[in-house]
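Some notes on the structure that comes next.
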Protein chains: 4
Amino acid sequence: MPDEFQSSKPIYMQIVDKITVDIVRGKQKIGDKLPSVREMAVQMGVNPNTVQRTYSELERMGIVETKRGQGTFVVENEDLLSEVRGSLQNKIIQNFVEKMEEMGVTKQEMMAYLKQYLEEDSYDNPN
Amino acid sequence: MPDEFQSSKPIYMQIVDKITVDIVRGKQKIGDKLPSVREMAVQMGVNPNTVQRTYSELERMGIVETKRGQGTFVVENEDLLSEVRGSLQNKIIQNFVEKMEEMGVTKQEMMAYLKQYLEEDSYDNPN
Amino acid sequence: MPDEFQSSKPIYMQIVDKITVDIVRGKQKIGDKLPSVREMAVQMGVNPNTVQRTYSELERMGIVETKRGQGTFVVENEDLLSEVRGSLQNKIIQNFVEKMEEMGVTKQEMMAYLKQYLEEDSYDNPN
Amino acid sequence: MPDEFQSSKPIYMQIVDKITVDIVRGKQKIGDKLPSVREMAVQMGVNPNTVQRTYSELERMGIVETKRGQGTFVVENEDLLSEVRGSLQNKIIQNFVEKMEEMGVTKQEMMAYLKQYLEEDSYDNPN
DNA sequence: GTGGTCTAGACCACA
DNA sequence: GTGGTCTAGACCACG
């Protein structure tokens, strides 16, 4: 099995992921204006073109819309955002299960280990 | 020069991870001889130097030992392997929890979502 | 410096086209007074200078005439307007045929496709 | 009605259109390799990045696929290409009908004018 | 000021 | 050699 070593995700996609999470978990609210391309470029320490590409991708995904000469805004469509949120969570769970199965862990064990981990964690950080 | 963006893990480390998993989950048993550097290089489709670095790293981690003129063998130390196995699993769980928390998911929800996912999955793939 | 790519037609020419169509299809009748340069500029959301150039061009084309102190009027020459109308229609047809030929569509097919399109369209919008 | 003047389509989209037509009408056959990004850039008198963007868009549209280190190829899916062809033709027809209607031409007249135009054209260029 | 496009030139992983 | 990403710096149309 030659040839399947992951090269790092492109920067503009890493930013896409970051912003998507921010939007989906409500850190950026519906209708909010995102920082301008140039601002965001400075914040991220990246070239404006890279951010531009990020914003294009976000628009293509439909979770952001741009108004000419005004800026880029979180789309006002709660349903879409919910859907994206669900899909992201599912991907995380799926990844987790796959990796655990690869380690030879059964489903019952996964549940047990997770429960244990969360309970230990709760002494410092009760929830 | 942005620096907060992850570049891909070096290939030799990706192979380290892969072999570690193979050993820890018993695909490579205690005392087994690993393929020679050249063989492994062919199998992985990479340069022998890369495999050499991989084996060095595995030896440094203590889960493999080289016998001059004979080859590279999985170390005969069940306790160590157990420890490594536990540590790997913990890392996977930790990563999962962090990502879910980043999405604003509470611990209760994590358990519920995972349970649901595993149950859905079981129709085709009962375990 | 690539040069074979169309840059957008100047705005004043786009307005020329628009007004020409309005006149030729009778939305602006023979002898009608066009809005003043300032009015039209507001209507179109452009600079008055731009409209000025538009009116000059329309006058050069002969389909409009300016009377000092009174305004700009559609020329009272039905024949000329007919001619312009025919020429515009011909340009549209020509453009259509060229594009279809570029797609490798034969003349018979053009007729057939157009007929089909118009008939489908007629369920909602009979004419 | 201020504000609807067409700015020229971006160069990379003009190239997209051009290549799409070439593919769809069979000038570029199924499985054919497109010129490399750099070659095409020279041919078109354009920056390689612009062509790169064109190729990305073509891939996004699904009518082209790229093989790492090998090149960009026309996708081997006759059905998809047929569909695209139909859609392009429809767009041309639709544009034609809209413009003619804007000129106050009825459907019957469109058919008649087109027929007449095609027949006149046939003296030089019989088909 | 905003987003969008384009060029020039560079570096990367891949085959 | 191929496609893909990134930077730097420029210009545009828009509100």
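Here the structure is a predicted model, which is why all the values come from computation and not from measurement.
- Spacing between atom CG of D:N49 and atom P of E:dG9 amounts to 12 Å, rounded to whole angstrom units.
- Going from atom CE of B:M44 over to atom C1' of E:dC14 covers 18 Å, rounded to whole Å.
- Between the CD atom of D:E65 and the P atom of F:dG4 there is a distance of 12 Å, given to the nearest Å.
- Along DNA chain E, the nucleotide closest to D:N47 and the one closest to D:R38 are compared, and the more 5′ of them pairs with D:N47.
- The separation between D:K9 atom NZ and F:dC12 atom C1' is 19 Å, rounded to whole Å.
- The side chain of A:Y55 contributes no N or O atom lying less than 4.0 Å from OP1 or OP2 of E:dG3.
- In this model, the phosphate group of F:dT2 is not approached by any side-chain N or O of D:Q70 to a distance below 4.0 Å at OP1 or OP2.
- Remark: the backbone N or O of D:T72 is not paired with any side-chain donor or acceptor of D:T66 at under 3.5 angstrom.
- Regarding contacts with the backbone of E:dT2, a side-chain N or O of A:S36 is found under 4.0 angstrom from either OP1 or OP2.
- When atom types are taken as modelled, the side chain of A:S87 and the backbone of A:E83 share no donor-acceptor pair closer than 3.5 angstrom.
- A sub-4.0 Å separation between OP1 or OP2 of F:dT5 and a side-chain N or O of A:T50 is absent.
- Side-chain nitrogen and oxygen atoms of D:R53 include at least one within less than 4.0 Å of the OP1 or OP2 phosphate oxygen of E:dT5.
- For the side chain to side chain contact (heavy atoms under 4.5 Å, CB included) with C:V64, the lone residue among C:L34, C:V16, C:I19, C:T20 that qualifies is C:L34.
- D:Q52 has its CD atom 14 Å from the C1' atom of E:dC11, to the nearest Å.
- Picking from F:dG3, E:dT2, E:dG3 the nucleotide with the shortest atom distance to the side chain of A:E39 gives E:dT2.
- Side-chain contact between A:F96 and B:M100 is absent, with no heavy-atom pair separated by less than 4.5 Å.
- Searching all strands for a Watson-Crick or G-U wobble partner of E:dC14 with both distances below 3.5 Å returns F:dG1.
- Looking at which nucleotide of DNA chain F each of A:P10 and D:G69 is closest to, the 5′-most match is held by D:G69.
- Side-chain atoms of A:R25 come within 3.5 Å of backbone N or O of B:E102 as a donor-acceptor pair.
- B:G71 and B:K33 get closest at one heavy-atom pair: CA-CE, 4.2 Å.
- A:R68 has no side-chain polar atom (N or O) that falls below the 4.0 Å cut-off from OP1 or OP2 of E:dG3.
- Along DNA chain F, the nucleotide nearest to D:K67 and the one nearest to A:P48 differ in position, and the one closer to the 5' end is contacted by D:K67.
- Here F:dG4 presents its P atom at 17 Å from CD1 of A:I11, a figure rounded to the nearest Å.
- Put simply, CG on A:L34 is 13 Å from C1' on E:dT2, counting in whole angstrom units.
- Across every strand in view, E:dA8 sits in a pair with F:dT7 that passes the Watson-Crick or G-U test at under 3.5 angstrom.
- Under 4.0 angstrom from either OP1 or OP2 of E:dG4 there lies at least one side-chain N or O belonging to A:T66.
- Separating the OH atom of D:Y12 from the P atom of E:dG4 is a distance of 9 Å, rounded to the nearest angstrom.
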